[in-house]
Amino acid sequence: VQDRCGCVLMMLCDGVCVQAQKLLRERLCHQKLPDQPVGLDSQYKHLLELLRRTAVHGESNSVLIVGPRGSGKTMLLGCVLRELMSLKEAQKNVLLVELNEKLQLCNETKSLGFLVFQGSFAENLAFLLEALKKGDKSSSRPVLFVLDEFDLFAHHKNQTLLYNLLDVSQSAQTPVAVLGLTCRLDVLELLEKRVKSRFSHRQIHLFSSLSFAQYLDVVRAQLSLPPDFPDPKFSDEWNHSVTKLCEDKTVEEILRRNFNGSKDFRSLHSLLFLAVSRVSVSHSTLREADLIEAWRLISVDSKANVLHGLSILELCLIIAMKHLNDTYDGEPFNFQMVHNEFKKFIQRKSHSIHKFEKPVVMKAFEHLLQLELVRPVDSGVCKVQREYQLMRLMLEHGQVMEALQRYPQCPTDVKQWALSAFG
């Protein structure tokens with residue numbers, strides 16, 4: 001009887017543990033909009049007021065939301081739109097249209113469902129402008145245009161879309177708000193003069209003022225179980241362990257390193273997700289060891305890992321490029337230079353390294369190009385023969401040397417070549 005009771009208790013504990021783990025994983029993967037953006041109060045009020053003027057009073061506007069990746073541009077806009085759509089005057093009045101750089105129009109309002117216009121750029125643009133120009137402020141519904149990666153639209157020929165949208169925003173036609181999201185601080189320098197003159201020059205910059213204390217509060221909130229969790233006893237124990245964990249000096253140091261490296265909550269969610277995934281019935285609460293292991297996994301150099309899977313020939317080409325970088329002080333190189341450097345090594349060490357034909361070496365070089373360990377200087381259409389196209393090595397000296405130390409059964413001659421001052 002005791003054994004049976006023990007088994008039942010173990011199964012119940014296992015079920016609760018799995019339930020808690022599932023809830024936290026879903027929370028960390030499918031982030032809901034916060035009630036209020038943390039540390040972005042002034043930006044939130046400013047953007048909400050601009051869009052309210054368009055939605056309620058029919059006043060056209062244009063604005064850019066500028067900030068580094070992960071600074072909360074999309075989250076800020078989402079929170080503002082949620083607040084805007086809760087206003088009675090805006091609920092059945094505003095149309096929200098998202099545009100990508102190929103001008104696929106995605107309308108996400110409840111009244112129109114989800115529409116994608118599959119025509120050419122010219123056809124889509126003609127349709128869009130004709131629809132907007134037929135309206136006026138008294139009878140037309142306000143339209144909010146969201147242009148994510150706004151800087152990519154500047155690469156369109158003559159910037160036709162930007163010009164026409166901003167032109168409409170300055171006319172007495174359909175009331176529109178043009179909202180651009182970008183991580184480029186110099187985005188206005190990309191705009192043509194005629195486009196720039198039609199832009200309002202309103203910019204909302206997102207530079208996080210988040211403190212480490214606020215960051216820790218977010219960690220606690222993300223890892224805590226909600227009050228309505230089915231097992232209150234387990235929930236209390238779990239939440240108490242989370243509080244104790246956040247007070248641990250080692251854990252605090254890990255979180256501080258992550259905070260100093262990036263205030264992007266997405267990197268935090270990745271770290272916490274890995275830690276939560278280590279919870280099991282044998283240890284049903286988060287431990288210091290879980291965070292340490294999660295940090296080790298997340299801070300692994302991905303490029304160094306790729307190097308471990310290369311062939312000896314590919315590794316030799318990487319070393320040849322490293323020597324060219326050292327010799328020419330980081331100047332670009334081409335395949336022919338790399339091949340010559342590799343040939344010099346083979347001639348000296350012909351007894352230990354197999355001789356490869358040039359087409360085979362070129363194939364290995366192209367594989368490094370596919371792995372993005374090497375990248376062309378000119379990413380456009382290049383008329384130069386491929387063996388003379390200028391390239392750059394996308395690895396630091398330290399990454400190459402570390403990978404060599406960890407490479408399984410790396411020939412001694414190859415290691416010595418990498419360590420030598422000259423190729």
- Message: If you compare all heavy atoms of F356 against all heavy atoms of V361, which two are closest, and at what distance to 0.1 Å?
- Response: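 Minimum heavy-atom contact is CB-CG2, 3.8 Å.
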- Query: Looking only at heavy atoms, what is the nearest atom pair of D151 and C183, with distance?
  - Reply: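 So the two residues come closest at OD1-N, 4.5 Å.
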List in chain and number order the residues that pass ring pair (Phe, Tyr, Trp, His ring centres under 6.0 Å) with [X], two or more places apart in sequence or in another chain; answer none if no residue qualifies.
X: H201; value: F199
X: F335; value: H339, F365
X: H46; value: none
X: Y388; value: none

- Roughly how far apart are W238 CH2 and F229 CZ, rounded to 0.5 Å?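 It comes to 9.0 Å.
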- Only pairs at least two apart or in different chains count here, so list each salt bridge (charged side-chain N to carboxylate O under 4.0 Å, His left out) that has a residue in residues 288-300.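 Non-adjacent pairs meeting salt bridge (charged side-chain N to carboxylate O under 4.0 Å, His left out): R278-D290, R287-D290, E293-R296.
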- Query: Any salt bridge (charged side-chain N to carboxylate O under 4.0 Å, His left out) pairs touching residues 209-224, not counting sequence neighbours?
  - Reply: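 Pairs touching residues 209-224 that pass the test: D217-R220.
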- Item | Listed partners of E237 passing salt bridge (charged side-chain N to carboxylate O under 4.0 Å, His left out), at least two apart |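 Partners of E237 under the salt bridge (charged side-chain N to carboxylate O under 4.0 Å, His left out) test: none.
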- Task: May I have all residue pairs that pass side chain to side chain donor-acceptor pair (under 3.5 Å) and include part of residues 356-369, sequence neighbours excluded?
- Result: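 Counting only pairs at least two positions apart or across chains, the side chain to side chain donor-acceptor pair (under 3.5 Å) contacts touching residues 356-369 are E314-H367, Q336-K358, E366-R386.
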Does the distance from a Lys or Arg side-chain N to an Asp or Glu carboxylate O, for [X] and [Y], drop under 4.0 Å?
X: E49; Y: R53; value: yes
X: E253; Y: R256; value: no
X: D248; Y: K244; value: no
X: R184; Y: D186; value: yes

- Message: Checking S200 now: which residues fulfil side chain to side chain donor-acceptor pair (under 3.5 Å) with it, not counting sequence neighbours?
- Response: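 Per chain and number, S200 pairs via side chain to side chain donor-acceptor pair (under 3.5 Å) with S62.
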- Message: Taking side chain to side chain contact (heavy atoms under 4.5 Å, CB included) as the criterion, tell me which of F150, F153, Y163 meets it with L191.
- Response: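 So, applying the side chain to side chain contact (heavy atoms under 4.5 Å, CB included) to L191 and each of F150, F153, Y163, only F150 qualifies.
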- Item | Residue among V195, V66, L64 satisfying side chain to side chain contact (heavy atoms under 4.5 Å, CB included) with L188 |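 With L188 as partner, side chain to side chain contact (heavy atoms under 4.5 Å, CB included) holds for just one option, L64.
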- Do the non-hydrogen side-chain atoms of F345 and V414 ever get within less than 4.5 Å of each other?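 Contact flag for F345/V414 side chains = yes.
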- Message: In the structure I gave you, are the side-chain heavy atoms of L225 and Q19 within less than 4.5 Å of one another anywhere?
- Response: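 Not in contact.
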Donor-acceptor contacts, no H, no angles, side chain residues 71-89, under 3.5 Å, sequence neighbours left out:
{"from": "S71", "atom 1": "OG", "to": "P68", "atom 2": "O", "distance (Å)": "2.6"}
{"from": "K73", "atom 1": "NZ", "to": "G67", "atom 2": "O", "distance (Å)": "2.9"}
{"from": "K73", "atom 1": "NZ", "to": "P68", "atom 2": "O", "distance (Å)": "3.1"}
{"from": "R82", "atom 1": "NH1", "to": "P34", "atom 2": "O", "distance (Å)": "3.4"}
{"from": "R82", "atom 1": "NH2", "to": "P34", "atom 2": "O", "distance (Å)": "2.7"}
{"from": "R82", "atom 1": "NH2", "to": "D35", "atom 2": "O", "distance (Å)": "3.2"}
{"from": "S86", "atom 1": "OG", "to": "E83", "atom 2": "O", "distance (Å)": "2.5"}

- Query: Which residues pass the side chain to side chain contact (heavy atoms under 4.5 Å, CB included) test with Q409, sequence neighbours left out?
  - Reply: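 Not a single residue meets the side chain to side chain contact (heavy atoms under 4.5 Å, CB included) criterion with Q409.
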- Task: Can you sort out the partners of V63 under side chain to side chain contact (heavy atoms under 4.5 Å, CB included), two or more places apart, ordered by chain and number?
- Result: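 Residues passing side chain to side chain contact (heavy atoms under 4.5 Å, CB included) with V63: L47, L50, L179, R202, I204.
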